[in-house]
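Each chain gets a letter, A, B and so on, in the order the sequences are listed, and its residues count up from 1. No hydrogens, no waters, no symmetry mates; every other heavy atom, side chains included, goes into these values.
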2 protein chains.
Amino acid sequence: MTVRALLFDVFGTVVDWRTSLIAELTPWFAERQHQIDVPALVDAWRGAYAPSMDRVRRGEQPWANLDALHRTSLDTLLAARGIDISEADRQHLTKAWWRLNPWPDAVPGLTRLAQRHTVAPLSNGSVALLTAMAKRARLPWDVILSAELFGHYKRDPQVYLGAAALLQLDPSAIMMVAAHNDDLLAAQRLGFKTAFIGRPTEYGPHQTKDFAPEGDFTLVAADLVDLSYRLTG
Amino acid sequence: MTVRALLFDVFGTVVDWRTSLIAELTPWFAERQHQIDVPALVDAWRGAYAPSMDRVRRGEQPWANLDALHRTSLDTLLAARGIDISEADRQHLTKAWWRLNPWPDAVPGLTRLAQRHTVAPLSNGSVALLTAMAKRARLPWDVILSAELFGHYKRDPQVYLGAAALLQLDPSAIMMVAAHNDDLLAAQRLGFKTAFIGRPTEYGPHQTKDFAPEGDFTLVAADLVDLSYRLTG
C-alpha cells in the first residue's frame, strides 16, 4: 500500500469544535449580560451546518463559503433567542470557528505523519478559516485544500476528485482520514484509501453516530498518533 | 501600514531556478552520455515559459498548468537537439522544477516573517509543484496559492484578486513580494502593497532587467531576511 498523501476532515476529526466554541462563547455572552444557553446555541449552530450546505448543494442558493453559511445561521439563532448584537460582534463570533482547538493527539500525530507524507485538510471550511486555524493551532499542513476551491461541499465527489487533481495523484495513492463514516464512504467510492478515527465525544452528550467504523476501511485508529504508528511503523 | 498577509513570487524571488536546474541536469545528462549544453538548455527552457503562458492567456490553448507547459517545452527543446529519452525520464526532468533550491536568505526570512504575518506563495507554479517544493526546501508557507486555483496566469488580475478573495483580505492589507517589476506593478495597480527584492543573478550572465525597482513600491529590500527586519522591526 503506497499512500503518498493524507487528507483530513477537520471539524470533529482534527479539532474539537464543541468544547472550543462553548469555552469561547460562555464568557463572551456572560460578560455582556446575555441570558443564553451556550451549549444549546453551539449545538444548534452546528446543527444548521448540514442543512445550510444542502441548500447550496441542491442549487437553492448560489455558492457561499462556510463563513457566510455560519454567519447566516448565527443571525437566525440569535434572532430566535431575541438577542441583538452589533455587526462587529457577529463577525467576531462567526470567526470563533477560526479559533477551534485541536484534539490533544492532533498536532503530534500530524507532525509524525508529515515526516513521510503530504498532509492536508480536506474540509468544508473556507481557505481563510483553515489557514488561520492552522496558524493558531500550529497544524503542520503542507497545503490547504478546501471545498471553497471546488465550489462544492463534501460529500460531493467534486471535492475529493478536485483534491486528487491538484495533488496530481491517483485517488488510490491518497488516504482520507475522518471521524465520520459518510465522509469515508464517499471517498472510498471514488477509489481513495480510508482511515476511521474514533471521536466518540465530538457531539458531547448528543452524539448519536460514528462511534465505530461502518465500512470496510483501509485502517481504523484510535487517534492521529495511533494512525501515525499504524501507517509508518 | 497594516499588512496582514505577504504573497511571494517564487521562481527567482524565493528559489534559484537556474543554479538548481543546472546542478541537477548536468550530471543527469553526463551519466547518460548525452552531449548537451545544459546551461543553454535551462535558459531556453525558462525562455519558453512566458510565451507558453501567453498562449494560454490569449486563449490559443485551453488551461494547462505549469507542469504541462514545462513538459511541452522540454519535448520541443530535446527534439531540436536530437535527444530522445523515455517517457519516465521526461516526467522526471519536468519535475526538476519541483526540486528547486531556495536562495540562502529565503527560509530564515520567511520564518521570521511568518511569526507575524500569513505567508503564501502566489506563483504560476502548480499547486503540486509548490507543495512538493515547500516540503523539500522547508518553506514555511501557511497556505499554497497558485495560478492553477484561478485558471489564470500572472500577470492577469484574476490571480491577485483571487488570492485576496480566498484570504478574505482587502488588497491594501496584502503585500506582494517579488524580484520582478512587472509582477509588482500588476499587483500595485489592483491596490496591493508591494516589496521589491533584488535578485541580480537570477538569470546568471544573461540577466537584462530587474536590477533595480522601477516603480514607487512600498518597500525595497536586499533579500527576504532584510525584508523581515524592515517590515517587523
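- Ranked by heavy-atom pairs under 4.5 Å with chain A, the first of B/Leu166, B/Ile144, B/Leu169 is B/Leu166.
- Sparse packing is recorded around CZ of A/Arg138, with 12 or fewer heavy atoms of other residues, nucleotides or ligands lying under 6.0 Å away.
- Here A/Leu139 contributes atom CG and B/Asp142 contributes atom CG; the two are 11.0 Å apart, rounded to the nearest 0.5 Å.
- B/Lys135 contributes a side-chain N or O that, together with a main-chain N or O of A/Ala114, makes up a donor-acceptor pair within less than 3.5 Å.
- B/Val127 approaches A/Val143 most closely through the heavy-atom pair CG1-CG2, 3.9 Å.
- Smallest separation of non-hydrogen atoms from B/Gln168 and A/Ala128: NE2-CB, 3.6 Å.
- No more than 12 heavy atoms of other residues, nucleotides or ligands sit less than 6.0 Å from atom CZ of A/Arg4.
- With a threshold of 4.5 angstrom between heavy atoms, B/Thr118 approaches chain A through its backbone and through its side chain.
- Taken to the nearest 0.5 Å, the CH2 atom of B/Trp141 stands 13.5 Å off from the OG1 atom of A/Thr131.
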